[in-house]
Amino acid sequence: MDQGRLDALLEFYQTLTAERIAGFDEFYAENAYFKDPFNEVRRLDDIKEIFSRMFRKVADPRFLVKEHVGDMHGMFLIWDMSFRMKSWRPRESQIIRGVSHLRFGADGKVVYHRDYWDTGEELYAKLPLLGAGVRLMRRLIG
């Protein structure tokens with residue numbers, strides 16, 4: 001992937017909106033693989049549905065790519081995702097910190113996208129009932 005295309009991909013992630021989901025077609029292969037802590041799919045349409053669902057379930061999701069390392073074959077992105085829950089504390093901004101591992105095909109499109117982030121620390125510990133249990137387990141173990 002050349003620098004101009006990489007810059008365009010990073011800009012796409014950081015300016016992603018529900019209305020721009022179709023833009024995945026420009027950057028992802030039709031048979032791209034995607035995995036995160038909640039999903040595992042192997043088709044572009046399914047990837048677009050995951051992101052569409054994100055925009056339906058949370059308010060104002062935004063990605064900020066803080067760092068990236070890689071070459072024309074693959075890349076790691078270090079990012080923050082900010083958002084607000086629609087159903088719980090809707091005025092309180094949340095942040096999930098994560099890393100994406102991307103691999104590119106010969107045409108420069110993403111063929112592999114794996115997201116790594118700690119669901120316990122970044123999500124479950126912030127929820128009312130479940131969070132208390134997660135925090136207690138951390139104190140007992142740590």
Side-chain angles (χ1 to χ4, degrees), residues 1-105 107-139 141-142:
M1 174 173 281
D2 66 39
Q3 189 62 45
R5 188 147 170 79
L6 170 61
D7 290 343
L9 177 62
L10 295 177
E11 178 73 12
F12 172 71
Y13 289 139
Q14 295 184 109
T15 60
L16 186 60
T17 63
E19 297 75 30
R20 297 187 66 223
I21 296 290
F24 274 95
D25 294 354
E26 181 181 344
F27 298 104
Y28 280 65
E30 187 60 40
N31 63 343
Y33 171 83
F34 176 90
K35 182 171 174 54
D36 70 9
F38 300 111
N39 304 281
E40 183 173 14
V41 298
R42 290 179 165 76
R43 288 181 343 116
L44 177 58
D45 285 342
D46 294 331
I47 295 169
K48 291 190 293 189
E49 176 54 31
I50 288 168
F51 283 87
S52 293
R53 189 176 334 122
M54 174 190 72
F55 280 99
R56 289 192 304 269
K57 293 193 178 236
V58 301
D60 304 322
R62 295 286 179 261
F63 292 94
L64 173 63
V65 177
K66 301 182 85 166
E67 193 174 339
H68 61 277
V69 177
D71 60 22
M72 61 190 256
H73 303 291
M75 173 163 298
F76 287 92
L77 307 176
I78 299 168
W79 48 262
D80 287 350
M81 177 190 160
S82 62
F83 64 97
R84 291 180 297 107
M85 301 296 287
K86 289 184 176 180
S87 59
W88 177 73
R89 294 186 180 176
R91 293 186 178 132
E92 187 176 312
S93 185
Q94 305 291 329
I95 294 180
I96 293 175
R97 292 170 178 85
V99 175
S100 295
H101 178 198
L102 307 177
R103 291 185 193 145
F104 308 118
D107 62 357
K109 289 191 173 188
V110 175
V111 296
Y112 176 93
H113 179 154
R114 175 90 191 254
D115 281 349
Y116 298 92
W117 52 278
D118 183 346
T119 55
E121 178 182 355
E122 303 290 351
L123 185 63
Y124 298 144
K126 298 174 183 177
L127 298 174
L129 296 176
L130 191 55
V134 170
R135 290 186 299 274
L136 175 62
M137 288 298 291
R138 288 202 165 167
R139 283 194 299 273
I141 294 171

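Atom CD1 of residue Ile50 and atom CG of residue Asp45 lie 11.5 Å apart, to the nearest 0.5 angstrom. For the atom pair OG (Ser52) and CD (Glu19), the distance works out to 10.0 Å, reported to the nearest 0.5 Å. We find the NE2-CG distance between His68 and Leu9 to be 10.0 Å, quoted to the nearest 0.5 Å. In this structure, CG in Leu64 is found 10.5 Å from CZ in Arg97, a value given to the nearest 0.5 Å. Note: Ile96 CD1 to Asp118 CG = 10.0 Å, rounded to the nearest 0.5 Å.
Residues satisfying the side chain to side chain donor-acceptor pair (under 3.5 Å) criterion with Glu67, sequence neighbours excluded, are absent altogether. For Met54, the side-chain contact (heavy atoms from CB on, under 4.5 Å) partners two or more places apart in sequence, or in a different chain, are Phe51, Val58, Pro61, Phe63, Met81. Gln3 pairs by the side-chain contact (heavy atoms from CB on, under 4.5 Å) definition with Leu6, Asp7, not counting sequence neighbours. Arg62 is linked by a salt bridge (Lys or Arg N to Asp or Glu O under 4.0 Å) to nothing, counting only residues two or more places apart in sequence or in another chain. Glu49 is linked by a side chain to side chain donor-acceptor pair (under 3.5 Å) to Arg56, counting only residues two or more places apart in sequence or in another chain. Residues satisfying the side chain to side chain donor-acceptor pair (under 3.5 Å) criterion with Lys48, sequence neighbours excluded, are Asp25. A search for side chain to side chain donor-acceptor pair (under 3.5 Å) contacts involving Tyr28 returns Tyr13, His113, not counting sequence neighbours.
The side-chain hydrogen bond (donor to acceptor under 3.5 Å, both in side chains) contacts involving residues 71-83 comprise Lys66-Asp80, Trp79-Ser100, where partners must be two or more places apart or lie in separate chains.
A side-chain donor-acceptor contact under 3.5 Å links Gln14 to the backbone of Val65. Using modelled atom types, one side-chain atom of Arg20 and one backbone atom of Thr15 make a donor-acceptor pair closer than 3.5 Å.
Contact of the Leu16 side chain with the Phe55 side chain is registered, since non-hydrogen atoms from C-beta on lie closer than 4.5 Å.
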### side-chain contact (heavy atoms from CB on, under 4.5 Å) between Tyr112 and His101, intermediate numbers included
CA-CA 8 Å; Tyr112 176 93; His101 178 198; 3.6 Å; yes
### Message
Please determine whether side-chain contact (heavy atoms from CB on, under 4.5 Å) holds for the pair Phe27 and Leu102, giving the CA-CA distance in whole Å, both sets of side-chain angles, and the decisive distance to 0.1 Å.
### Response
CA-CA 11 Å; Phe27 298 104; Leu102 307 177; over 6 Å; no
Side-chain donor-acceptor pairs of residues 31-38 under 3.5 Å, sequence neighbours excluded:
| residue | atom | partner | partner atom | Å |
| --- | --- | --- | --- | --- |
| Tyr33 | OH | Glu40 | OE2 | 2.7 |
| Asp36 | OD1 | Phe38 | N | 2.8 |
| Asp36 | OD1 | Asn39 | N | 2.7 |
| Asp36 | OD1 | Asn39 | ND2 | 3.0 |
| Asp36 | OD2 | Asn39 | ND2 | 3.3 |

